[in-house]
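Contents: one structure, followed by commentary.
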Amino acid sequence: MSTQPEPAGQDPRFAYGTNGLADLRLGDALGLLADLGYDGVGLTLDHMHLDPLAPDLAARTRHIARQLEGLGLAVAVETGARYVLDPRRKHHPTLLDPDPYARAARTGLLLTAVEVAAELGATAVHCFSGRTPEGTPEATAWQRLADALTPVLDAARAAGVPLAIEPEPGHLLGDLAGFHRLRAALGDPDGLGLTLDIGHCQCLEPVPPAECVRGAAPWLRHVQIEDMRRGVHEHLPLGEGEIDFPPVLEALRAAGYEGLVGVELPRDSHAGPELARTSLDFLRRADRPARACPDDTPPDEPSRAGQDQGEGQGHEAQGQDHGQGQDRDGTLATGLRQPLTAADISPPPSSTSPERSERLLSAGSAAAGSVR
């Protein structure tokens with residue numbers, strides 16, 4: 001008989017984000033992921049994949065639901081499309097926009113995402129805060145965020161779909177401390193969960209990613225995964241950064257996390273099919289120690305560069321401190337002890353045309369009275 005210990009907890013369910021397969025039709029992307037052996041998909045609602053603003057959304061959603069069921073894929077609905085609401089400004093409008101009607105457009109998109117998620121039987125709906133607009137007091141920004149999310153939380157609870165907000169470097173809610181601030185401001189509501197991006201943990205949290213998983217376990221509803229370096233907000237293919245992945249996967253299993261662990265490589269669609277294949281291979285190798293399968297050979301370096309360093313010792317990038325680095329957009333990724341200033345995160349001037357404004361108003365009309 002084998003003396004190998006039985007793996008504890010829930011095996012990770014691996015997924016791949018459609019924002020890294022933007023050059024594929026959605027049906028082709030889903031078929032690819034099923035053929036590769038993924039358990040699910042992180043579906044970003046965007047103009048090329050289940051456009052949330054195009055006609056016949058309900059019928060198109062039912063069609064995708066049938067495809068997912070036929071392929072045996074679980075799904076999380078993500079809302080990080082760059083230009084789905086504003087064709088000129090990335091991720092605008094946000095829940096922090098000074099214009100209440102623009103904020104309502106973002107809230108309206110999230111309400112639509114909840115409806116889509118309910119139809120698909122999704123594991124979670126992902127969202128984010130956005131950057132603090134120039135000249136906006138911090139307290140005002142937090143109040144706007146709480147007010148704008150309240151109707152979305154209500155809808156998500158009614159639909160039975162967890163709402164999972166993501167700490168995004170450079171955003172108002174940029175780290176785990178920010179998540180807990182929002183949670184407290186809202187009265188610790190049952191429907192508010194967390195999207196934990198493992199790369200962001202490596203980038204700016206004060207403890208290693210596996211510790212982040214353990215600390216955030218009670219609120220985990222969705223997980224995104226990629227490689228990253230300390231202080232640099234750049235999503236890297238697995239194995240090209242500094243993250244030690246086996247302890248992260250072991251922590252997810254020990255936490256009993258049952259959601260999806262979705263690879264997020266949104267700047268690599270040009271190589272999406274191949275990266276989807278190699279990413280799943282990498283994650284399976286990295287997960288072998290936790291599965292404790294007697295016939296498995298040791299994984300082929302499924303962790304960060306610098307294997308001679310322990311997880312805690314190697315958490316900071318060589319040549320960097322707990323300070324800041326730049327991502328591909330030139331924005332700062334900072335540690336908890338060095339928050340961004342308004343000057344660092346100022347968005348460009350509004351460029352929403354009158355025609356686009358009318359579309360935004362239409363998208364958010366149901367929520368316009370619910371935000372400040």
(request) Would you please test Arg253 and Asp11 for side-chain contact (heavy atoms from CB on, under 4.5 Å) and show each step? (result) CA-CA 6 Å; Arg253 173 180 280 102; Asp11 285 345; 2.8 Å; yes
(request) Using the side-chain contact (heavy atoms from CB on, under 4.5 Å) rule, take Leu182 and Leu149 through it: C-alpha gap first, then chi angles, then the decisive distance, then the call. (result) CA-CA 10 Å; Leu182 175 66; Leu149 277 180; 3.8 Å; yes
(request) Might you work through the side-chain contact (heavy atoms from CB on, under 4.5 Å) test for Leu95 and Ser129, ending with a clear yes or no? (result) CA-CA 6 Å; Leu95 298 171; Ser129 69; 5.7 Å; no
(message) Pair Phe179, Leu192 - check side-chain contact (heavy atoms from CB on, under 4.5 Å), show working.
(response) CA-CA 10 Å; Phe179 168 73; Leu192 182 65; 4.1 Å; yes
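Although no hydrogens or angles enter the test, the distance criterion places no donor-acceptor pair under 3.5 Å between the side chain of Arg82 and the main chain of Lys90. Panel note: side chain Thr44, backbone Ala81; no donor-acceptor pair is recorded below 3.5 Å. The main-chain N or O of Pro55 is found under 3.5 Å from a side-chain atom of Arg60 such that the two form a donor-acceptor pair. With hydrogens and angles ignored, the 3.5 Å screen pairs a side-chain donor or acceptor of Tyr257 with a backbone N or O of Val223. Formation of a donor-acceptor pair under 3.5 Å by the Glu205 side chain with backbone atoms of Leu176 is found in this model. Between the Glu226 side chain and the Gly199 main chain, a donor and an acceptor come within less than 3.5 Å of each other. When atom types are taken as modelled, the side chain of Asp227 and the backbone of Ile243 share a donor-acceptor pair closer than 3.5 angstrom. With hydrogens and angles disregarded, no donor-acceptor distance shorter than 3.5 Å links the side chain of Thr112 to the backbone of Pro52. At least one donor-acceptor pair closer than 3.5 Å links the side chain of Asp39 to the backbone N or O of Phe14. A donor-acceptor pair under 3.5 Å is formed between the side chain of Arg106 and the backbone N or O of His91.
No continuous path of ILVMFWY side-chain contacts below 4.5 Å connects Phe128 to Leu194, so the two sit in separate hydrophobic clusters. Residues Leu68 and Val261 share a single hydrophobic cluster, defined by chaining ILVMFWY side chains whose heavy atoms lie under 4.5 Å apart. Hydrophobic clustering of Ile, Leu, Val, Met, Phe, Trp and Tyr side chains at less than 4.5 Å, counting indirect connections, keeps Met48 apart from Leu57. Leu283 and Ile198 fall within a single hydrophobic cluster, where Ile, Leu, Val, Met, Phe, Trp and Tyr are joined by side-chain heavy atoms under 4.5 Å apart, directly or via other members.
In this structure, the side chains of Leu173 and Leu145 come closer than 4.5 Å at one or more pairs of heavy atoms. When side chains are defined from C-beta on, Leu45 does not count as touching Val84, because their heavy atoms never get closer than 4.5 Å. You'll find the side chain of Pro273 reaches within 4.5 Å of the side chain of Leu21, heavy atoms only. No side-chain heavy atom of Leu85 sits less than 4.5 Å from a side-chain heavy atom of His92. The shortest side-chain heavy-atom distance between Leu163 and Leu110 does not fall under the 4.5 Å cut-off. Counting heavy atoms from C-beta outward, Pro100 and Arg144 have side chains that stay 4.5 Å or more apart. Here the side chains of Leu260 and Val75 are not in contact, with every heavy-atom distance at 4.5 Å or above. Contact check for Phe245 versus Arg285: no side-chain heavy atoms found under the 4.5 Å cut-off.
Taking CG from Leu220 and CD from Glu258, the interatomic distance works out to 12.0 Å, rounded to the nearest 0.5 Å. In this structure, the separation between CG on Leu30 and CZ on Arg25 is 13.5 Å, given to the nearest 0.5 Å. Remark: Thr140 OG1 to Leu172 CG distance equals 11.0 Å, nearest 0.5 Å. With rounding to the nearest 0.5 angstrom, the NE2 atom of His200 is 4.0 Å from the CD atom of Glu168. Rounded to the nearest 0.5 Å, atoms CZ (Arg131) and CG (Asp97) are 14.5 Å apart. The OH atom of Tyr16 sits 10.0 Å away from the CD atom of Glu264 when rounded to the nearest 0.5 Å.
Annotation for Asp188: atom CG counts as buried by contact number, over 12 foreign heavy atoms lying within 6.0 Å.
We find that Arg214 and Glu211 are joined by a salt bridge, their nearest charged nitrogen and carboxylate oxygen being less than 4.0 Å apart. A salt bridge links Glu138 to Arg181: one of the charged nitrogens lies within less than 4.0 Å of a carboxylate oxygen.
Annotation: His233 is in aromatic contact with His235 [ring centroid separation under 6.0 Å].
Closest approach of Cys127 to Thr79, counting heavy atoms only: CA-OG1, 3.5 Å. The shortest non-hydrogen separation linking Ser269 to Ala22 is OG-N, 2.9 Å. Residues Met228 and Cys203 come closest through the heavy atom pair SD-CB, 3.5 Å. Heavy-atom minimum distance, Pro209 versus Val248: CB-CG2, 3.8 Å. Considering every non-hydrogen atom in both Leu111 and Pro151, the closest pair reads CD2-O, 3.7 Å. Shown here for Gly174 and Pro167, the closest heavy-atom pair between the two residues is C-CB, 3.7 Å.
Arg277 pairs by the side-chain hydrogen bond (donor to acceptor under 3.5 Å, both in side chains) definition with Glu274, Asp281, not counting sequence neighbours.
Under the 30°/60° scheme for interplanar angles, the aromatic rings of His222 and His126 are found to stand perpendicular.
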